[in-house]
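To keep things clear, I will list the structure first and then write my remarks on it.
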Amino acid sequence: QVQLVESGGGLVQAGGSLRLSCAASGPIFGIAGVGWFRQAPGKEREFVAAIDWTGGTSYYADSVKGRFTISRDNTKSTVYLQMNGLKPDDTALYYCAVGRPLRTPRQRDECEYWGQGTQVTVSS
């Protein structure tokens with residue numbers, strides 16, 4: 001079992017920055033990739049970014065490439081999402097999710113465990 005708790009969301013003006021954290025507990029976190037997904041009202045949950053279990057490889061949705069950076073600290077069992085240059089279109093509930101051991105989740109059905117989400121609201 002893995003339990004995930006996201007934090008760091010909030011209200012920010014366009015162009016601003018936020019850093020989301022995903023704190024994990026459970027034995028497989030250190031050998032599983034982690035993804036960030038987001039869901040805006042009335043829309044499907046979509047992939048944002050993911051990082052493999054070593055922290056050496058990361059993936060990004062085209063919409064956030066160059067603005068968001070995912071990282072992880074396995075000594076703290078935490079994954080981060082640094083979000084710069086935020087836009088109103090980034091407004092959503094952001095979730096972190098853990099994939100299967102040694103796999104990196106980039107689609108919803110590749111995720112084994114989900115957090116409860118943290119709200120990000122970007123005003124224009």
Side-chain angles (χ1 to χ4, degrees):
Q1 275 283 31
V2 176
Q3 293 182 327
L4 304 170
V5 179
E6 301 98 332
S7 62
L11 174 63
V12 64
Q13 289 187 334
S17 298
L18 285 173
R19 187 198 197 200
L20 305 185
S21 298
C22 172
S25 62
I28 74 166
F29 175 82
I31 58 168
V34 177
W36 284 97
F37 294 76
R38 66 187 182 186
Q39 187 167 18
K43 294 188 177 181
E44 296 279 320
R45 192 173 300 187
E46 63 176 6
F47 169 75
V48 175
I51 190 165
D52 74 346
W53 68 279
T54 70
T57 302
S58 54
Y59 307 87
Y60 297 93
D62 287 344
S63 59
V64 307
K65 209 170 286 185
R67 300 187 297 122
F68 291 11
T69 303
I70 189 171
S71 61
R72 69 188 294 163
D73 184 344
N74 284 348
T75 66
K76 297 181 179 179
S77 296
T78 301
V79 171
Y80 305 97
L81 185 68
Q82 178 67 44
M83 306 187 296
N84 299 328
L86 283 162
K87 305 174 182 179
D89 284 350
D90 295 319
T91 295
L93 190 58
Y94 282 71
Y95 299 89
C96 67
V98 171
R100 300 179 184 92
L102 305 182
R103 304 295 293 273
T104 305
R106 282 174 281 174
Q107 298 181 39
R108 292 171 57 183
D109 61 4
E110 295 175 341
C111 300
E112 293 282 283
Y113 303 97
W114 293 87
Q116 83 290 347
T118 186
Q119 179 67 40
V120 172
T121 303
V122 184
S123 63
S124 57

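Worth knowing before you read on, the calculation uses all heavy atoms, side chains too, and leaves out hydrogens, waters and symmetry mates.
The shortest side-chain heavy-atom distance between Phe68 and Leu86 falls under the 4.5 Å cut-off. Residues Tyr95 and Leu93 are in side-chain contact: their nearest non-hydrogen atoms beyond the backbone lie under 4.5 Å apart.
Counted within 6.0 Å of CD on Gln116, heavy atoms from surrounding residues, nucleotides or ligands total more than 12; the atom is thus considered enclosed.
Cluster membership check: Val64 shares its hydrophobic cluster with Val79, using side-chain heavy-atom separations under 4.5 Å among Ile, Leu, Val, Met, Phe, Trp and Tyr. Clustering ILVMFWY residues whenever any of their side-chain heavy atoms sit less than 4.5 angstrom apart, transitively, puts Ile51 in a cluster other than the one holding Phe47.
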Side-chain polar contacts of residues 117-124 - donor-acceptor pairs under 3.5 angstrom, sequence neighbours left out - could you list them?
| from | atom 1 | to | atom 2 | distance (Å) |
| --- | --- | --- | --- | --- |
| Thr118 | OG1 | Gly9 | N | 3.1 |
| Gln119 | NE2 | Ala92 | O | 3.4 |
| Gln119 | NE2 | Thr121 | OG1 | 3.4 |

For residues 20-40, please give each side-chain donor-acceptor pair under 3.5 Å, one per line with the distance, not counting sequence neighbours.
| from | atom 1 | to | atom 2 | distance (Å) |
| --- | --- | --- | --- | --- |
| Arg38 | NE | Glu46 | OE2 | 2.7 |
| Arg38 | NH1 | Asp90 | OD1 | 2.9 |
| Arg38 | NH1 | Tyr94 | OH | 2.9 |
| Arg38 | NH2 | Glu46 | OE2 | 3.2 |
| Gln39 | OE1 | Arg45 | NE | 3.3 |
| Gln39 | OE1 | Arg45 | NH2 | 3.4 |
| Gln39 | NE2 | Lys43 | O | 3.1 |

Donor-acceptor pairs under 3.5 angstrom involving side-chain atoms of residues 97-104: please list them, not counting sequence neighbours.
| from | atom 1 | to | atom 2 | distance (Å) |
| --- | --- | --- | --- | --- |
| Arg100 | NE | Glu112 | OE2 | 3.3 |
| Arg100 | NH2 | Asp109 | O | 3.2 |

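In this structure, Leu11 stands alone, with no Ile, Leu, Val, Met, Phe, Trp or Tyr side-chain heavy atom under 4.5 Å from its own, directly or through other members.
Under a 3.5 Å cut-off, the side chain of Arg72 and the backbone N or O of Gly55 do not form any donor-acceptor pair.
Sequence neighbours left out, not one pair with a member in residues 34-81 passes disulfide (SG to SG under 2.5 Å).
Remark: Lys87 NZ to Arg67 CZ distance equals 4.5 Å, nearest 0.5 Å.
Contacts of Ser71 classified as side-chain contact (heavy atoms from CB on, under 4.5 Å), with partners at least two apart in sequence or in another chain: Tyr80. Partners of Asn84 under the side-chain contact (heavy atoms from CB on, under 4.5 Å) rule, at least two apart in sequence or in another chain, are Ser17, Gln82.
Ile70 approaches Tyr60 most closely through the heavy-atom pair N-OH, 2.9 Å.
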